[in-house]
Peer 1: 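The structure's right below; bear with me while I get my questions together.
Lettering follows sequence order; numbering is per chain, from 1. Both backbone and side-chain heavy atoms feed into the values below; hydrogens, waters and symmetry mates do not.
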Amino acid sequence: MKQQTGPAKVRPISGFPEWLPSERIVEQHFLDVIRETFELHGYASIRTRAVEPIERLTSLGEDTDKEIYAVSRLAGGSDDSREPKLGLHFDLTVPFARYVLENSGKLTFPFRRYQIQPVWRGERPQEGRYREFLQCDIDIVDVGELAPHYEAELPLVIADAFSKLPIGPFRIQVNNRKIPEGFYLGIGLTDVTSVLRIVDKLDKIGPANVSELLQAAGATPEQAQKCLALAEISAPDESFVERVNALGVEHETLTEGLAELAAVIRVGAEQAPGLMVADLKVARGLDYYTGTVYETQLIGHESYGSICSGGRYDALASDGRTTYPGVGISIGLSRLLAKIMPSLSASRSTPSCVLVSLADETDRPQGMTVAAALRRRGIPCEVAPVAAKFGKQIKFAERRGIPFVWFPASADQNNDSVKDIRSGDQTVADASSWAPPAADLRPRVVT
RNA sequence: GUGGGUGUAGCUCAGCUGGUAGAGCGCCGCCUUGUGGUGGCGGAUGUCGCGGGUUCAAAACCCGUCACUCACCCCA
């Protein structure tokens, strides 16, 4: 047996990102804003377990199962074989659909909920693509029928949240699955999924390559041309309907999709001009979507992909007798932050606003009393780790970005005083009444 | 899963055709005998990813392996 000389070297695990304290402050700010906004719009919070029976996760599409992380006891023996095999959820919509079925008798419909949790996908990581990441999800489900106006509501909620965050300009692209589906069927292409998948690459590989791939998949040059013509349609208003009609393809599903998308875009144009764009190439990977689909890109970072996606699903939650159609959209918070974190920072790496200094270790009780008085009034603070030269204690605060150092009264100073170490200003202060400027109370996100 | 790139100090990296490790930043101490930031002086830190091979000699060359990373696939 080989002798272990020391602990194994610690290493990051690819695809499982972790933030430093100052970055986590930024993330928490985003979480606070998103949560407040969701609640402002009346969404109730739920949390679901991390695992679902693998069967439930895989019943939705062929592509998903290879991404699922299985969960089992390390020492699981034969007595475990009766339990369902478990997997970590890869999104929040599937667990939510299960939760609705399980609690349908206790929920009131239409039910609107938000859910902020990690999800797991066993993919090869890349920039902005992780194996564990945070999603912030809102969904609305109803019994039997779901009013179409909800499909316009969700992007407006997202826009409200994003407008309060330092992420720059963004655009929500909306499409309706029925449009490409009806269109492809209308021109005689029956493998809708494959065609969608190819057309989805348009931005990345260009029209010529898309055409080539389509023809390799069995389309005629004319069919490929039509697909491209449809995919290239994009409009901030209902004008896309005429442009589609001008292509001269007729199909019942297409007509339905056009009407539905037009309704969503109309509301968007009224309530939030410039936010939504009808973009007929948007496809969305997950195949449980049946109508409206959303993607969101940061303007100027289009090739980064979508940072917030979702859509309408009519058949995801069904117990055989009753169906609960829903519509949802999810912020890929980890992906969003990965892109913009380099341009952001926290004003300090700790919540502490004040460091209470100690002239001598015997003064610690006095320092703790000062700290308690500050905390009673909501001022985050901590007492110096050791009594040291004041210069060292100031440096301790400075390295963490703590803006104030408190000096308790001493033999040569009758009063407590507090120093703003950024300006150097020091004033006499009383722990029962002094307060920092509001802007300094909590760490801020700065751009 | 497939293909490319990279692994040297806490961080960013240098290290030529082999001669057993360096810089900047950061960190610590002192100048500064209880109020920091600038400046000066001094200091600590590496299984050179891991295992094997070639060689008198390997961070360097060869083989393997692992990790990270980029692209494909797919997606937030």
Side-chain angles (χ1 to χ4, degrees), chain A residues 2-17 20 61-68 89-93 116-137 158 193 196-198 200-201 204-205 282-287 289 293-298 303-311 328-339 355 357-361 363 384 386-408 410-413 417-426:
Chain A
K2 199 179 162 190
Q3 195 78 23
Q4 274 290 9
T5 50
K9 205 165 189 174
V10 296
R11 286 212 176 82
I13 301 178
S14 174
F16 291 83
L20 291 169
E62 331 74 54
D63 287 334
T64 47
D65 50 320
K66 66 180 179 189
E67 306 182 348
I68 293 171
H89 57 231
F90 56 82
D91 74 1
L92 299 178
T93 308
I116 299 175
Q117 286 181 231
V119 306
W120 295 269
R121 292 184 194 175
E123 298 177 89
R124 269 283 201 282
Q126 275 172 53
E127 189 197 13
R129 297 182 51 191
Y130 302 107
R131 287 144 82 184
E132 176 182 69
F133 57 99
L134 264 184
Q135 288 198 325
C136 312
D137 206 290
I158 296 300
T193 313
L196 268 178
R197 196 160 285 173
I198 294 167
D200 196 44
K201 300 181 202 299
K204 208 161 204 171
I205 65 177
V282 169
R284 224 68 296 292
L286 298 174
D287 29 0
Y289 296 121
V293 288
Y294 316 99
E295 286 200 353
T296 309
Q297 47 187 211
L298 296 171
S303 62
Y304 189 61
S306 176
I307 46 107
C308 178
S309 308
I329 190 165
S330 190
I331 300 171
L333 185 60
S334 304
R335 167 176 279 197
L336 174 62
L337 284 172
K339 187 68 194 177
L355 175 76
S357 70
L358 294 180
D360 188 277
E361 199 51 41
D363 296 331
V386 290
K389 286 205 229 177
F390 286 141
K392 281 197 79 168
Q393 299 189 62
I394 290 170
K395 224 170 163 182
F396 175 95
E398 188 189 25
R399 272 207 308 272
R400 291 163 178 75
I402 300 173
F404 296 98
V405 175
W406 194 277
F407 298 97
S410 65
D412 24 282
Q413 268 191 304
S417 63
V418 65
K419 180 187 185 92
D420 182 333
I421 65 173
R422 297 160 300 187
S423 63
D425 296 343
Q426 186 165 343

Peer 1: Could you please name the option among rG34(B), rA76(B), rC68(B) that lies closest to any side-chain atom of I13(A)?
Peer 2: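 Selected nucleotide: rC68(B).
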
Peer 1: Out of rC74(B), rA76(B), rU35(B), which has the shortest distance to the side chain of R129(A)?
Peer 2: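 Given the options rC74(B), rA76(B), rU35(B), the side chain of R129(A) is closest to rC74(B).
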
Peer 1: Taking pairing as Watson-Crick or G-U wobble with both contacts under 3.5 Å, can you name the mate of rU6(B), or confirm there isn't one?
Peer 2: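 Here rU6(B) is engaged in a pair, and the nucleotide opposite it is rA67(B).
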
Peer 1: Look at all strands and tell whether A388(A) reaches a base, only sugar-phosphate, or nothing, counting heavy atoms closer than 4.0 Å.
Peer 2: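 A388(A): base contact, heavy atoms under 4.0 Å.
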
Peer 1: OG/S14(A) to CZ/R124(A) distance, rounded to the nearest 0.5 angstrom?
Peer 2: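 It is 8.0 Å, given to the nearest 0.5 Å.
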
Peer 1: With hydrogens left out and only the distance checked, is there a donor-acceptor pair under 3.5 Å joining E123(A)'s side chain and the base of rA76(B)?
Peer 2: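 When only heavy-atom distances are counted, E123(A) does reach the base of rA76(B) through a donor-acceptor pair under 3.5 Å.
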
Peer 1: More 5' along RNA chain B: S309(A) or S417(A), using each one's nearest nucleotide?
Peer 2: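 Going by which nucleotide is closer to the 5' end, it is S417(A).
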
Peer 1: Hey, does the side chain of S14(A) come within less than 4.0 Å of rU69(B)'s phosphate (OP1/OP2), counting only N and O?
Peer 2: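 The answer is yes; a side-chain N or O of S14(A) sits under 4.0 Å from OP1 or OP2.
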
Peer 1: Any idea which of rC75(B), rG29(B), rC70(B) is nearest the E127(A) side chain?
Peer 2: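 Nearest nucleotide to the side chain: rC70(B).
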
Peer 1: Quick check, does F133(A) stack with rA76(B)? I mean ring centres under 5.5 Å and planes off by under 30°.
Peer 2: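 By the stated criterion, F133(A) and rA76(B) stack.
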
Peer 1: Using whole Å, what does the distance between atom P of nucleotide rC75(B) and atom CG of L134(A) come to?
Peer 2: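 To the nearest whole Å, that distance equals 21 Å.
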
Peer 1: Which of the following nucleotides, rA76(B), rC74(B), rC68(B), is nearest to the side chain of Q135(A)?
Peer 2: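 Nearest to the side chain of Q135(A) among the choices is rA76(B).
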
Peer 1: At under 4.0 Å, does any side-chain N or O of Q393(A) touch on OP1 or OP2 of rU35(B)?
Peer 2: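 For Q393(A), the contact criterion (side-chain N or O under 4.0 Å from OP1 or OP2 of rU35(B)) is not met.
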
Peer 1: Using purine N1 to pyrimidine N3 plus N6-O4 or O6-N4 for Watson-Crick, or N1-O2 and O6-N3 for G-U wobble, each under 3.5 Å, what pairs with rG43(B)?
Peer 2: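 rC27(B) - that is the nucleotide pairing with rG43(B), both distances being under 3.5 Å.
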
Peer 1: Is there a donor-acceptor pair closer than 3.5 Å between any side-chain N or O of R131(A) and the backbone N or O of F16(A)?
Peer 2: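 Such a contact is absent between R131(A) side chain and F16(A) backbone.
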
Peer 1: For rC72(B), give its Watson-Crick or G-U wobble partner with both distances under 3.5 Å, or none.
Peer 2: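 The answer is rG1(B), by the H-bond criterion.
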
Peer 1: With a 4.0 Å limit, can you tell me whether K201(A) has a side-chain N or O closer than that to the phosphate oxygens OP1/OP2 of rC74(B)?
Peer 2: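 True: K201(A) side-chain N/O within range (under 4.0 Å) of rC74(B) OP1/OP2.
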
Peer 1: I want to confirm an ordering. Mapping R422(A) and G128(A) to their closest nucleotides on RNA chain B, which one lands closer to the 5' end?
Peer 2: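 Counting from the 5' end, the first nearest nucleotide belongs to R422(A).
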
Peer 1: Select base, sugar-phosphate, or nothing to describe what K392(A) touches, counting heavy atoms under 4.0 Å on all strands.
Peer 2: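 If one applies the 4.0 Å heavy-atom cut-off, K392(A) turns out to touch the sugar-phosphate alone, with no base involved.
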
Peer 1: Atom CD1 of I394(A) and atom P of rG37(B): how far apart are they, to the nearest Å?
Peer 2: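 The answer, rounded to whole Å, is 9 Å.
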
Peer 1: State which of rC75(B), rC74(B), rG37(B) makes the closest approach to the side chain of E398(A).
Peer 2: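 Closest nucleotide to the E398(A) side chain: rG37(B).
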
Peer 1: For the side chain of S306(A), starting at C-beta, report the closest nucleotide among rA76(B), rC70(B), rC74(B).
Peer 2: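 Comparing rA76(B), rC70(B), rC74(B) against the side chain of S306(A), the answer is rA76(B).
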
Peer 1: Counting just side-chain N and O atoms, does R124(A) come under 4.0 Å of either OP1 or OP2 of rC72(B)?
Peer 2: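 Result: no.
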
Peer 1: So does R399(A) get a side-chain nitrogen or oxygen closer than 4.0 Å to the phosphate oxygens (OP1/OP2) of rC28(B)?
Peer 2: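 R399(A) to rC28(B) OP1/OP2: side-chain N or O found under 4.0 Å.
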
Peer 1: For Q393(A) and A388(A), indicate whether the former's side chain and the latter's backbone hold a donor-acceptor pair under 3.5 Å.
Peer 2: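 Yes; at least one donor-acceptor contact below 3.5 Å.
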
Peer 1: Tell me what F396(A) touches on the nucleic acid: a base, only sugar-phosphate, or nothing, going by heavy atoms under 4.0 Å.
Peer 2: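 No contact.
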
Peer 1: Have a look at L358(A) and say if it touches a base, only the backbone sugar-phosphate, or nothing, with a 4.0 Å heavy-atom cut-off.
Peer 2: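 It contacts base atoms.
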
Peer 1: Heavy atoms only: give me the nearest H89(A)-P118(A) pair and the separation to one decimal.
Peer 2: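 Looking at all heavy atoms of both residues, the shortest contact is NE2-O, 2.9 Å.
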
Peer 1: Is K389(A) near enough to rG36(B) that one of its side-chain N or O atoms lies under 4.0 angstrom from OP1 or OP2?
Peer 2: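 No, K389(A) has no side-chain N/O under 4.0 Å of OP1/OP2 on rG36(B).
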
Peer 1: Could you tell me whether I307(A) contacts a base, only the sugar-phosphate backbone, or nothing, with contacts defined as non-hydrogen atoms closer than 4.0 Å?
Peer 2: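 It contacts sugar-phosphate atoms only.
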
Peer 1: Whole angstroms only, please: what is the CZ-P distance between R131(A) and rG1(B)?
Peer 2: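 It is 10 Å, rounded to the nearest whole Å.
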
Peer 1: Above 12 or not: heavy atoms from other molecules or residues under 6.0 Å from CD1 of I205(A)?
Peer 2: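 Counting neighbours around CD1 of I205(A), more than 12 heavy atoms of other residues, nucleotides or ligands fall under 6.0 Å, so yes.
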
Peer 1: Is any side-chain nitrogen or oxygen of K395(A) closer than 4.0 Å to OP1 or OP2 of rU35(B)?
Peer 2: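 Negative; the distance criterion is not met.
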
Peer 1: Given C308(A), which partner from the list L336(A), I329(A), L333(A) fulfils the side-chain contact (heavy atoms from CB on, under 4.5 Å) test?
Peer 2: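 The side-chain contact (heavy atoms from CB on, under 4.5 Å) with C308(A) is passed solely by I329(A) among L336(A), I329(A), L333(A).
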
